[in-house]
Amino acid sequence: MKRILSLAVLLAFVCANALANDYSVASPDGKLKAKVSVGKTLVYEVNYNGQQLLAPSQISMTVDKGVTWGVGSKFVKALTSARNTSIKAQNYKRAVVKDRCNELQLQFKGFSLVFRAYDEGVAYRFVSGSKKALKVVSEQADMNFASDFESLVPYVREKGDIKKQFHNSFENTYTSTRLSALKDNQLIFLPYVVKADDGVKIVVAESDVENYPAMFVQKNSVANGVKATFAPYPKVVRQGGHNELEQFVTEAEDYLVVAKPSQPFPWRIISVSAEDKDILNNDMVFRLAAPSRLADASWVKPGKVAWDWWNDWGLYKVPFKAGINTETYKYYIDFAAKHGIEYVILDEGWAVNKKADLFQVVPEIDLKAIVDYGKQKGVGIILWAGYKAFDRDMERACKTYAAMGVIGYKVDFINRNDADIMNFLYKAAETCAKYKQVIDFHGICPPTGLTRTWPNVVNFEGVCGQEQNKWSTIKQYDQVQYDVTVPFARNFAGPMDYTQGAMLNGTRSTYHFSNSEPMSQGTRCHQLAEYVIFLSPLNMLCDSPTHYDAEPECTDFIAKIPVVWDETVPLKSEVGEYVAMARRKGNRWYVGGITNWTPRDLTLDLAPLKVAGKTATVYKDGVNADKFAQDYEKTTLAVPADGKVTFHLAPGGGVAMVI
């Protein structure tokens, strides 16, 4: 029955567009091509090197008064152009991003449809032609893949009807499944990966989501197809959830958003990579975002953070009771200053619980004394803030705490992506920028380019990160498998606050979860390598200062590694198996490689780095790392003339190098 329905739908496309005019745009290298059929409907398809990736797929947008852009729309003209420029990047994986593509603009009465073809992928967006504000009721963004490809999808963890699923933390591992076997009525958040034929990989994402909801997808009635789904605009919300810090939508409007005059809508991205490693080098989300709105962003300082929450304020061998108190935070500041770590976060607990009020500070905390002590030591203080508390007092909080010397905020438990929330992100970024403060968003969808538009947004969560090890078994959360998948998916969207750096490490048999003494899955060098592989401009040291002080070699590596980069060179990698990457800052190269639970001999070709003859400092799995995950060896080697070096990676292992 499903097969008959799918054929009927595709036949409808053909009939509806029997008299359509076809327009196409190809990538500069000519390998990637998007064809758009303009008839009674708008249908596009994508091909790469002669292989069809997306079969004919319909797109449209319904606005005020029952008008649907893309259905019976009056076509005006087609325009083509080429772009070949560059973008100076900040807080990113490279200093300069190339912006080279061919563009097709289809103009209709009332709107335009813009397609761009880069060597790395295709993107399209609708642009309103209205000089007035108008309601967007719905958007159709179908993606009918050419075959029953395997996919890697992050389902929303929440169950039940779609309305309930809209409220979620955007944290889950990846499910490997054929497109035909996707779960019915279960939302998937972006980005997700599709494995096409001949090793080609597709990553679906979005960029420049402003005054609009971010996109989910779910299984469509068309075979091998998915359809876009969006949370409607909130009408009534109630406070509740974690410590009364969340806002739940209890009643929604019958539209997605009220669009501004001439508003451009989000870019829908279909990236294409011939080799798995090419995904790691993709810039589509960043380059399609709106340019920076900070005239001067030189005050935005990325860096590393001595973090309290993951290790449960876990100091010992100290002469005071560790916990949420002034003495503990002064100790964290001393630790950060000793190692050149830029920031300390006061995570949840410094403000009175369940009040959603950033001005009710617990009596054990002398906030001004902590901030002043940090200033003396050259360490900035970042405050954790629940969404409701920050939203209701945003201007006052920023003004008051900026005057005190607070550097910025980690805003948590947002847990939605409707247009009201996406606008909150922009408002928070702008307000913090006004007071020269940075911000790290948690409990939120993966980034959609905001870190380019507002560079003071230095990190995002939207990742099933290492915090899961405080409460999860390996069966519930296979961190090692996740680690060799997430760089190709979630990190594709932009920076992620994964929170690595564990000094207690476990094998498959020795790992156990713990709130107060959490450990990572995989080896010590697996953790070190993640500081190279994961892009995270505000990067946590998740473990206890007591543990770091006991591990000076590893602490020195973590404390000194950069968090933003001048150049990124992906090395041999395979989705779900292993990842290897090189990044340069100044005249130093950092190389990282990690594997899943399969031990392997990994040969890396460093010839592209032009480091032959240079001496590399290497952190590699110890000979007993398969049994004791904390076993590692620090050594040196001279990079050979051919640039090829081989390392043995233990199960869940890794290697890290400084050249």
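Note: hydrogens, waters and symmetry copies are ignored here, and every other heavy atom, side chains too, is used.
- When every heavy atom of Ala580 is checked against every heavy atom of Ser573, the shortest pair comes out as N-OG, 3.0 Å.
- Distance alone, capped at 3.5 Å, is enough to place a donor-acceptor pair between the Gln186 side chain and the Val156 backbone.
- Among residues two or more places apart in sequence or in another chain, the salt bridge (Lys or Arg N to Asp or Glu O under 4.0 Å) test is passed with Arg157 by Glu171.
- In summary, Lys201 and Asp276 engage in a salt bridge, as defined by a charged side-chain N under 4.0 Å from a carboxylate O.
- Of all heavy-atom pairs spanning Thr177 and Leu182, the tightest one is CG2-CD2, 3.6 Å.
- Rounding to the nearest 0.5 Å places NZ of Lys277 at 9.0 Å from CG of Leu280.
- The nearest pair of heavy atoms linking Val237 to Thr250 is N-OG1, 4.2 Å.
- Tyr387 and Asn415 are not linked by any side-chain donor-acceptor pair at a separation below 3.5 angstrom, with hydrogens and angles left out of the test.
- Side chains of Asn281 and Thr568 form a contact here, defined as non-hydrogen atoms less than 4.5 Å apart.
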> For Met284 and Glu120, what are the C-alpha separation, side-chain angles and deciding distance, and is it a side chain to side chain contact (heavy atoms under 4.5 Å, CB included)?
Replying inline: CA-CA 7 Å; Met284 292 287 284; Glu120 302 166 272; 4.2 Å; yes

>> Does Phe216 form a side chain to side chain contact (heavy atoms under 4.5 Å, CB included) with Cys445? I'd like the steps, not just the answer.
In response: CA-CA 10 Å; Phe216 297 100; Cys445 59; over 6 Å; no

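- When Trp267, Phe115, Phe265 are each tested for a ring pair (Phe, Tyr, Trp, His ring centres under 6.0 Å) with Tyr124, only one passes: Phe115.
- Minimum interatomic distance between Ala117 and Ala26 (heavy atoms only, all atoms of both residues): CB-C, 3.5 Å.
- Counting only distance, with no hydrogens or angles, the side chain of Arg94 and the backbone of Ala89 share no donor-acceptor pair below 3.5 Å.
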> Could you go step by step and tell me if Leu425 and Phe441 meet the side chain to side chain contact (heavy atoms under 4.5 Å, CB included) rule?
Replying inline: CA-CA 8 Å; Leu425 302 183; Phe441 289 116; 3.7 Å; yes

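- The ring-ring contact (aromatic ring centres under 6.0 Å, His included) contacts involving residues 184-204 comprise Phe170-Phe189, where partners must be two or more places apart or lie in separate chains.
- Taking CG of Asp142 as the start and CG of Leu54 as the end, the distance is 10.5 Å to the nearest 0.5 Å.
- Considering every non-hydrogen atom in both Pro537 and Val564, the closest pair reads CB-CG1, 3.8 Å.
- Put simply, the side chain of Thr41 never gets that close to the backbone of Gly39: no donor and acceptor are under 3.5 Å apart.
- Taking Thr451 as the reference, Val457, Phe460, Pro495 meet the side-chain contact (heavy atoms from CB on, under 4.5 Å) condition, with sequence neighbours excluded.
- Side-chain contact between Ser176 and Glu150 is present, with heavy atoms from C-beta onward closer than 4.5 Å.
- In this structure, Lys183 NZ and Lys219 NZ are separated by 12.0 Å, a value rounded to the nearest 0.5 Å.
- Contact check for Phe488 versus Leu152: no side-chain heavy atoms found under the 4.5 Å cut-off.
- Under the 3.5 Å distance criterion, the side-chain polar atoms of Gln165 are left unmatched by any main-chain donor or acceptor of Tyr155.
- Each of His442, His167, His242 was compared with Phe413 under the ring pair (Phe, Tyr, Trp, His ring centres under 6.0 Å) criterion, and only His242 meets it.
- Among residue pairs with one or both ends in residues 205-218, those qualifying as side chain to side chain donor-acceptor pair (under 3.5 Å) are Arg125-Asp208, Glu139-Tyr212, Glu206-Arg268, Glu210-Arg293, Asn211-Gln263, Asn211-Asn423, Gln218-Thr229; sequence neighbours excluded.
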N/O donor to acceptor pairs below 3.5 angstrom from side-chain atoms of residues 64-71, sequence neighbours left out:
unit_1, atom_1, unit_2, atom_2, d
Asp64, OD1, Lys135, N, 3.1
Asp64, OD2, Lys135, N, 3.2
Thr68, OG1, Thr62, OG1, 2.9

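- Note that CG of Asp161 and CZ of Phe166 are 9.5 Å apart. Values are rounded to the nearest 0.5 Å.
- Using modelled atom types, no side-chain atom of Asp198 and backbone atom of Val200 make a donor-acceptor pair closer than 3.5 Å.
- One distance of note links OH of Tyr498 with CD of Gln468; it measures 9.5 Å at 0.5 Å rounding.
- The structure places CD1 of Ile269 at 14.0 Å from CD1 of Ile202, a figure rounded to the nearest 0.5 Å.
- By the salt bridge (Lys or Arg N to Asp or Glu O under 4.0 Å) test, Glu567 pairs with Arg584, sequence neighbours left out.
- Using a 4.5 Å heavy-atom threshold, the side chains of Arg178 and Ser151 count as separate.
- Side-chain atoms of Asn144 come within 3.5 Å of backbone atoms of Pro56 as a donor-acceptor pair (strictly under, hydrogens ignored).
- Across all their heavy atoms, Tyr233 and Leu256 have their closest contact at CB-O, 3.4 Å.
- Taking the six-membered ring where the residue is Trp, Phe149 and Phe145 present perpendicular rings, their angle passing 60° and hence far from 30°.
- Judged by distance alone, the side chain of Asn456 and the main-chain N or O of Ala429 form a donor-acceptor pair under 3.5 Å.
- Side-chain contact, Tyr92 with Asp283: a donor N or O sits under 3.5 Å from an acceptor N or O.
- Applying the salt bridge (Lys or Arg N to Asp or Glu O under 4.0 Å) rule to Arg416 yields the partners Asp418, Asp420; only residues at least two apart in sequence or on another chain are considered.
- You'll find the side chain of Thr173 stays beyond 4.5 Å of the side chain of Asp478, heavy atoms only.
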>> Using the rule given for side chain to side chain contact (heavy atoms under 4.5 Å, CB included), can you reason through Val217 versus Met143, listing the C-alpha separation, both sets of side-chain angles and the distance that settles it, and then say yes or no?
In response: CA-CA 9 Å; Val217 299; Met143 294 184 183; 5.8 Å; no

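- Here side chain to side chain donor-acceptor pair (under 3.5 Å) pairs that include residues 95-118, with residues two or more places apart or in two chains, are Arg83-Asp99, Asp99-Tyr118, Glu103-Arg116, Gln105-Gln107, Arg116-Tyr118.
- Residues passing the salt bridge (Lys or Arg N to Asp or Glu O under 4.0 Å) test with Glu246, sequence neighbours excluded: none.
- Residues that satisfy the side-chain contact (heavy atoms from CB on, under 4.5 Å) test with Ser536, not counting sequence neighbours, are Asn459, Asn539.
- Although no hydrogens or angles enter the test, the distance criterion places no donor-acceptor pair under 3.5 Å between the side chain of Ser37 and the main chain of Ala20.
- Not a single side-chain contact (heavy atoms from CB on, under 4.5 Å) links Ser262 to another residue, sequence neighbours left out.
- Formation of a donor-acceptor pair under 3.5 Å by the Arg490 side chain with backbone atoms of Gly494 is found in this model.
- A donor-acceptor pair under 3.5 Å links the side-chain atoms of Lys93 to the main chain of Asn282, judged by distance alone.
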Only pairs under 3.5 Å count here: list side-chain donor-acceptor contacts from residues 43-51, not counting sequence neighbours, and write none if there are none.
unit_1, atom_1, unit_2, atom_2, d
Glu45, OE1, Gln52, NE2, 3.1
Gln51, OE1, Asp197, N, 3.1
Gln51, NE2, Asp197, O, 3.3

